[in-house]
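What follows is a single structure, written as structure tokens, with notes after it.
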Amino acid sequence: MMNEALREINRGTAEIIDSERIEKLLKAYFEEGKNYTVKAGFDPTAPDLHLGHTVLLQKLAIFQKYGGRVQFLIGSFTAMIGDPTGKNATRKVLTKEDIVKNIESYTTQAFKILDKEKTDIVYNNEWLDDLGAAGMLQLASNLTVARMLERDDFSKRYASQTPIAVSEFMYPLLQGYDSVYLKSDIEIGGTDQKFNLLMGRQLQKAYEIKKQQAVLMMPILEGLDGVNKMSKSLGNYIGVTDAPNDMFGKVLSVSDELMWRFYELLSAKTLDEIASLKAGVEDGSLHPKKVKEALAIEITARFHSDEEAKNAKEEFDKVHTKSQIPTDIDEFSCEGDIWIAKALLDCNIEPSTSQARRDIKQGGVKINQEKVTDDKLQLTTGEYLLQVGKRKFAKLKVN
RNA sequence: GGGGAGAUAGUCAAGUGGCCAACGACGGCAGACUGUAAAUCUGCUCCCUAUGGGUUCAGAGGUUCGACUCCUCUUCUCCCCA
């Protein structure tokens, strides 16, 4: 039992600091039923979670299974500073109103994975608001500038002569102080958070909490491009609230290589099962596309339903494999004759008439399945099915 | 507080008086090809009913027939010294 728990906890992790501590906590749970706390911080800078976040959430759910109480920390205070992590530019600072708005949708999404009964949602402005200038300075005395500059993203920005705001230096300290206040036993985060996570340990020691949190780091999930980390600002993400069709299609669009990362970090399949899938693909007995479809269905079903996942797969086959027309197409209408390029712009499937004309010249535009060759074409009264490229569709009714 | 360097399209980055809507790279879009939206190859990539017109190179002025390129001021950033 204990070993199984450890195996699940270790799965997919990038690094664990102080794993003895985790073993002790688990032992205490199995032998004496003692619970422990697992902290994870979330920045409510965007209202939507994506699969990159769920890697952490799934790990938290594992801890909940084995006696952990999750401290779901909303960085309500720190969001107003802007976490420098992974950024080569100073992040935009959020207002209080923005944050409050984001939190609700954020937590409801998180509870698709987490057990609500074993989760405490905490907001760090509750204690950081009261810290005051004196407390802040005391906190800051725990860290030297030299150490701060050792941090990879800071040193890179410094070297490339991009600005660093002093307030950004405070971020790791505040995040670490959260661990002091919450007396967390374990904190989990992405590998990019290493510095911040370790700060929690250092500060717990400095403030004599008598225990230092163990740190568990998960790898950063790559985005759809397979290179950069999944993030909303890069637009390479799969959102938890994405429609089933989108979600399915996005998973299927990842490269064969990246698929295995997704399997390891997102699938509920055991590592043994994944290994046998991989072997199957390598010896040619399994088609990689089938394996990827299975993953896409699993993930889609998790955030929607089995039914919707199945429909998404059928829809995808219909549109892409058989190049048929999708079921749901946005409909537009207009009064009087309209120029084709303008029509495409109005239907939101082209960004400008210039781009529309370019695509027409290249043969990328179809009306009712027929390629358009004349970029001066006028659409007269009637209904049209407009298509740009392979996957942008719109219906237009000209009155 | 003093001295120096810099700000160019989604990003990086050329261009130092006319040949500039601005090289190149990445990204993005389209086409071919495929198992998909992967890989590869090709084309395109400020806006505009367009063999033409309009607005751009941090911002505001100025010099000039003509400025992204020269001058002045402003804003922002980086470096060195205090």
Side-chain angles (χ1 to χ4, degrees), chain A residues 86-90 92 149 154-166 168 222-229 231-238 242-243 245-262 277 280-281 284-297 299-300 312-324 326 334 336-346 348-367 371-380 386-393:
Chain A
K87 292 279 162 180
N88 49 14
T90 307
K92 207 169 44 186
L149 282 173
F154 280 140
S155 61
K156 271 186 193 145
R157 278 165 63 182
Y158 199 66
S160 67
Q161 310 198 342
T162 42
I164 302 172
V166 173
E168 295 180 72
E222 290 86 350
L224 299 175
D225 52 31
V227 181
N228 296 303
K229 78 177 215 176
S231 87
K232 185 154 189 168
S233 48
L234 292 174
N236 62 355
Y237 68 104
I238 301 177
D242 280 357
N245 287 350
D246 288 342
M247 195 178 269
F248 185 90
K250 282 181 181 175
V251 175
L252 217 51
S253 79
V254 305
S255 68
D256 290 358
E257 200 186 340
L258 185 61
M259 163 172 83
W260 298 115
R261 286 279 288 168
F262 276 46
L277 285 177
V281 169
S285 63
L286 270 176
H287 196 293
K289 195 192 172 197
K290 292 284 168 218
V291 179
K292 206 181 292 173
E293 264 176 12
L295 177 70
I297 288 173
I299 290 175
T300 308
K313 181 199 176 311
E314 278 162 17
E315 181 73 11
F316 189 90
D317 285 347
K318 187 177 165 191
V319 178
H320 299 287
T321 312
K322 298 174 191 152
S323 342
Q324 291 175 350
C334 70
D337 293 2
I338 186 165
W339 176 42
I340 176 67
K342 187 79 170 54
L344 295 168
L345 178 67
D346 288 349
N348 297 328
I349 50 177
E350 285 286 20
S352 71
T353 57
S354 298
Q355 181 66 42
R357 291 163 63 109
R358 267 176 233 126
D359 285 339
I360 291 168
K361 277 182 197 143
Q362 294 183 122
V365 174
K366 287 181 187 167
I367 294 178
K371 200 171 277 186
V372 178
T373 48
D374 177 12
D375 68 357
K376 289 195 170 63
L377 185 69
Q378 291 289 333
L379 298 180
T380 52
L386 307 175
Q387 180 181 2
V388 176
K390 289 192 183 88
R391 55 184 210 278
K392 282 179 285 191
F393 291 89

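Per chain, numbering begins at 1; letters A, B, ... match sequence-line order.
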Opposite nucleotide pairing with B/G35, Watson-Crick or G-U, both atom distances under 3.5 Å: none
Does B/A30 have a Watson-Crick or wobble partner in any strand here, with both distances under 3.5 angstrom, and which is it? B/U42
At what distance, to the nearest 0.5 angstrom, does CG of A/Leu344 lie from CG of A/Leu379? 8.0 Å
Side chain A/Lys313, main chain A/Phe248, donor-acceptor under 3.5 Å: no
State whether the number of non-hydrogen atoms from other residues, nucleotides or ligands found under 6.0 Å of A/Gln378 atom CD is greater than 12. yes
Can you say whether a donor on the side chain of A/Asp359 sits under 3.5 Å from an acceptor on the base of B/G43, or the other way round? no
Take the protein atom NE2 of A/His287 and the nucleotide atom P of B/G35, then report the distance between them rounded to whole Å. 7 Å
Gap in Å between the two C1' atoms, one belonging to B/G18 and one to B/U69, rounded: 11 Å
Can you measure A/Asp346 atom CG to B/U49 atom C1' for me and round it to whole angstrom units? 13 Å
At less than 3.5 Å, do the side-chain atoms of A/Lys342 and the base atoms of B/U49 form a donor-acceptor pair? no
Can you tell me if A/Ser354 touches the phosphate of B/C48, counting only side-chain N or O atoms and a distance under 4.0 Å to OP1 or OP2? yes
Does any non-hydrogen side-chain atom of A/Leu377 lie less than 4.5 Å from one of A/Ile367? yes
Verify the stacking flag for A/Trp339 against B/U49: centroid separation must be under 5.5 angstrom and the ring planes must differ by under 30 degrees. yes
Nearest-angstrom distance, P atom, B/U63 to B/C71: 15 Å
Nearest to the side chain of A/Lys390 - B/G35, B/G31, B/C48? B/G31
Grab the CZ-C1' distance between A/Arg358 and B/A50 for me, whole Å please. 12 Å
Check the distance between B/C47's C1' and A/Leu344's CG and give it to me in whole angstrom. 17 Å
5'-most contact on RNA chain B (nearest-nucleotide basis), A/Asp375 vs A/Lys289, goes to A/Lys289
Where the side chain of A/Val388 is concerned, which of B/G31, B/U36, B/A30 is the nearest nucleotide? B/A30
Using a cut-off of 4.0 Å on non-hydrogen atoms, how would the nucleic acid contact of A/Lys292 be classed: base, sugar-phosphate, or nothing? base
Is the charged tip of A/Lys366 near the ring of A/Phe393: under 6.0 Å from the six-membered ring centre and within 45° of its axis? no
Is B/G1 paired to anything, Watson-Crick or G-U wobble with both distances less than 3.5 Å, and if yes, which nucleotide? B/C81
Base, sugar-phosphate alone, or nothing: which one does A/Glu293 contact when heavy atoms must sit under 4.0 Å apart? nothing
What distance do A/Lys229 atom NZ and A/Asn236 atom CG have between them, rounded to the nearest 0.5 Å? 10.0 Å
Heavy atoms under 4.0 Å, any strand shown: does A/Lys361 hit a base, just sugar-phosphate, or nothing? nothing
Name the nucleic acid region contacted by A/Lys366, choosing base, sugar-phosphate or nothing; use a 4.0 angstrom heavy-atom cut-off, strictly under. nothing
Whether A/Thr353 contacts B/C48 is assessed here as follows: a side-chain N or O lying under 4.0 Å from the phosphate OP1 or OP2. Is that the case? yes
Say you pick atom P in B/A13 and the same atom in B/G62; how far apart are they, in whole Å? 32 Å
I'd like the C1' distance from B/C79 over to B/C70, given in whole Å. 26 Å
Nearest 0.5 angstrom please: A/Glu293 CD to A/Thr300 OG1, how far? 11.0 Å
Scanning all shown strands, the Watson-Crick or wobble mate of B/G52 with both distances under 3.5 Å is B/C48
Mind checking the P distance from B/U55 to B/A37? Whole angstroms is fine. 42 Å
Taking atom P of B/A50 as reference, at what distance in whole Å does atom CG of A/Leu345 sit? 16 Å
Identified side chain to side chain contact (heavy atoms under 4.5 Å, CB included) partner of A/Ile340 from the options A/Leu345, A/Thr353, A/Ile360: A/Ile360
For a quick check of understanding: with a heavy-atom distance under 4.0 Å over all strands, which category does A/Gln378 fall into, base, sugar-phosphate or nothing? base
Measure the distance from CD on A/Glu350 to C1' on B/C44 and round it to the nearest whole Å. 12 Å
B/C33 to B/A21 separation - C1' atoms, rounded to the nearest Å: 33 Å
Whole-Å distance, A/Ile349 CD1 to B/A30 P, equals 11 Å
Can you check the distance between B/U64 and B/A14, where both ends of the measurement are the P atom (answer in whole Å)? 32 Å
Between B/U51 and B/A25, how far apart are the two P atoms, rounded to whole Å? 29 Å
Check whether any side-chain nitrogen or oxygen of A/Ser352 sits under 4.0 Å from OP1 or OP2 of B/C48, and answer yes or no. yes
In Watson-Crick or G-U wobble terms, with both distances under 3.5 Å, the base opposite B/U16 is none
So which nucleotide does B/A21 pair with, by the Watson-Crick or G-U wobble rule with both distances under 3.5 Å? none
Should A/Arg357 be listed as having a side-chain N or O under 4.0 Å from OP1 or OP2 of B/A30? no
If pairing means Watson-Crick or G-U wobble with both distances under 3.5 Å, then the partner of B/C70 is B/G62
Whole-Å gap separating P (B/C44) and CD1 (A/Ile360): 17 Å
Report the residue (A/Gln362 or A/Leu252) whose heavy-atom-nearest nucleotide on RNA chain B is the more 5′ of the two. A/Leu252
